[in-house]
Enquirer: 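First the structure, which I've put down as structure tokens, then a few questions once you've had a look.
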Protein chains: 2
Amino acid sequence: MAAAAQVVHRQGAERTTIADIARAADVPVGNVYYYFKTKDELVKAALAEHAHQLELLTGELDRLGDPRERLKRLVETWVSQRDVAVRYGCPTGTLASELDKRDEGGLDEEAGRVIRLLVDWVAGQFAQLGQPDPEGLALTLVGAYQGMSLLANALRDPTVMTRQGERLLGWLGSLPDPLATDGPPAGDSPPGEGR
Amino acid sequence: MAAAAQVVHRQGAERTTIADIARAADVPVGNVYYYFKTKDELVKAALAEHAHQLELLTGELDRLGDPRERLKRLVETWVSQRDVAVRYGCPTGTLASELDKRDEGGLDEEAGRVIRLLVDWVAGQFAQLGQPDPEGLALTLVGAYQGMSLLANALRDPTVMTRQGERLLGWLGSLPDPLATDGPPAGDSPPGEGR
DNA sequence: GTCTATAATTTGATAGAC
DNA sequence: GTCTATCAAATTATAGAC
């Protein structure tokens, strides 16, 4: 699964052959088919791998006390991974973009679900910050990330990531803090998913 | 070329076969090879077609007197084409994303050039507005477009385009006007939600 | 479970009649 | 210039020995 995720990210789903993944995992092709009946199942496994990495990241960020700090750290993580973004784009975004051009197999919806995972988590942070329209703000932040990744990749320019990352950090810093003065402190929104 | 541009946009470059394009153009496959020696040349033609459409659009917008108005119309054009973005994403952006995963043929740089065409034109408008760092603002605006297109596509939600488009229009409207005789423009603020 | 060999299909590209 | 027929290579998937 790790080999599938990496090779598919670098070459794209369509260009990647089973032999490519088998070689990366250092196993014969026949062995791959023992665990994954079709190529689509391998792509689905790559998506699941990316979803897993995302959960590891948000799980780590959740240990920070301040939602604003979590979002800032998220942006900093994106910027710190700029070299891979410049070369291959966002793993989930580029894969979603490719899979969305299919109309068979339903792999496109699978990709959408992984993206929604991130959008929902970000929206949760904005909600905890007491912001109106947290979903809209989440779409803005995640959209900015997808956009700067695509541009950095297409223009082969890592400074796109650093410059736009700075801008996003400034924006997050300018958001009003509900904990600052009056108003209900914590417990503003339920800790679980509200969807 | 028009058939190539449309089919490649809908199916992606890798998934599109010469037969697909030939069928869309209503000619036999052998005929296609008379004009385009390889499949890569067909993809390059599709890119050129998108670049041509972009030049038609900016040429039209250039006839407007106010640079700010040009940018607003650009955003409105993007939003008006939301249905195609929801289904297939931005033609140039998705193609660039796909081609950037290749390391042969140099088609990736070709895609980057088309994106740069748009970024440079937008930067020119910001420069005419007297904005500092017009290139950075252009990357922000074009990045926002690429990001909202990708999210609208992945989430199959046209309201992403309308909502984020509204936000961009508000941001453009808040920019200081250099033609107004009074005070120096204030520092730029990132495209956050108006408060 | 692992691996080699191979079947079955698709597809980029060409030959050659018209 | 247009079109049909076809080749050669690549690739998904399977069969079957170990």
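The structure displayed is predicted, hence computed values, not measured ones. Within every chain, numbering begins at 1; the chains are lettered A, B, ... in the order of the sequence lines, protein sequences first and strands thereafter.
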Enquirer: Salt bridge or not for A/R87 and B/D100, using N-O below 4.0 Å?
Expert: no
Enquirer: Can you figure out which of D/dT12, C/dT4, C/dT2 approaches the side chain of A/T17 most closely?
Expert: D/dT12
Enquirer: In whole angstrom, what separates A/Y34's OH from C/dG1's C1'?
Expert: 5 Å
Enquirer: For B/E14 and D/dT11, give me the distance from atom CD to atom P, rounded to whole Å.
Expert: 10 Å
Enquirer: Using atom CZ of B/R23 as one end and atom C1' of D/dC3 as the other, report the distance to the nearest whole Å.
Expert: 16 Å
Enquirer: Send over the distance from A/D20 CG to D/dT12 P, rounded to a whole Å.
Expert: 8 Å
Enquirer: Any ring pair (Phe, Tyr, Trp, His ring centres under 6.0 Å) pairs touching residues 65-110 of chain A, not counting sequence neighbours?
Expert: A/H9-A/Y88, A/W78-A/Y145
Enquirer: Scan for ring pair (Phe, Tyr, Trp, His ring centres under 6.0 Å) pairs involving residues 24-62 of chain A, sequence neighbours excluded, and state none if there are none.
Expert: none
Enquirer: Please list all pairs meeting salt bridge (Lys or Arg N to Asp or Glu O under 4.0 Å) that have one or both residues in residues 45-63 of chain A, counting only residues at least two apart or in different chains.
Expert: A/E60-A/R63
Enquirer: Categorize B/F36 for me: base, sugar-phosphate, or nothing, with a 4.0 angstrom heavy-atom threshold over every strand shown.
Expert: nothing
Enquirer: On the nucleotide D/dG1, are OP1 or OP2 found under 4.0 Å from the side-chain N or O atoms that B/Y35 carries?
Expert: no
Enquirer: Would you give a per-nucleotide map of nucleotides 13-18 of chain C, 5' to 3', where B means the base has a protein non-hydrogen atom under 4.0 Å away, S means only the sugar-phosphate does, and - means neither?
Expert: BB----
Enquirer: Rounded to the nearest Å, what distance is computed from the CG atom of residue A/N31 to the P atom of nucleotide D/dA15?
Expert: 17 Å
Enquirer: Would you list the pairs meeting salt bridge (Lys or Arg N to Asp or Glu O under 4.0 Å) in which at least one residue belongs to residues 14-24 of chain A, sequence neighbours left out?
Expert: A/E14-A/R102, A/E14-B/R15, A/R15-B/E14, A/D20-A/R23
Enquirer: Could you tell me which residues satisfy salt bridge (charged side-chain N to carboxylate O under 4.0 Å, His left out) with A/R73, sequence neighbours excluded, listed by chain and number?
Expert: none
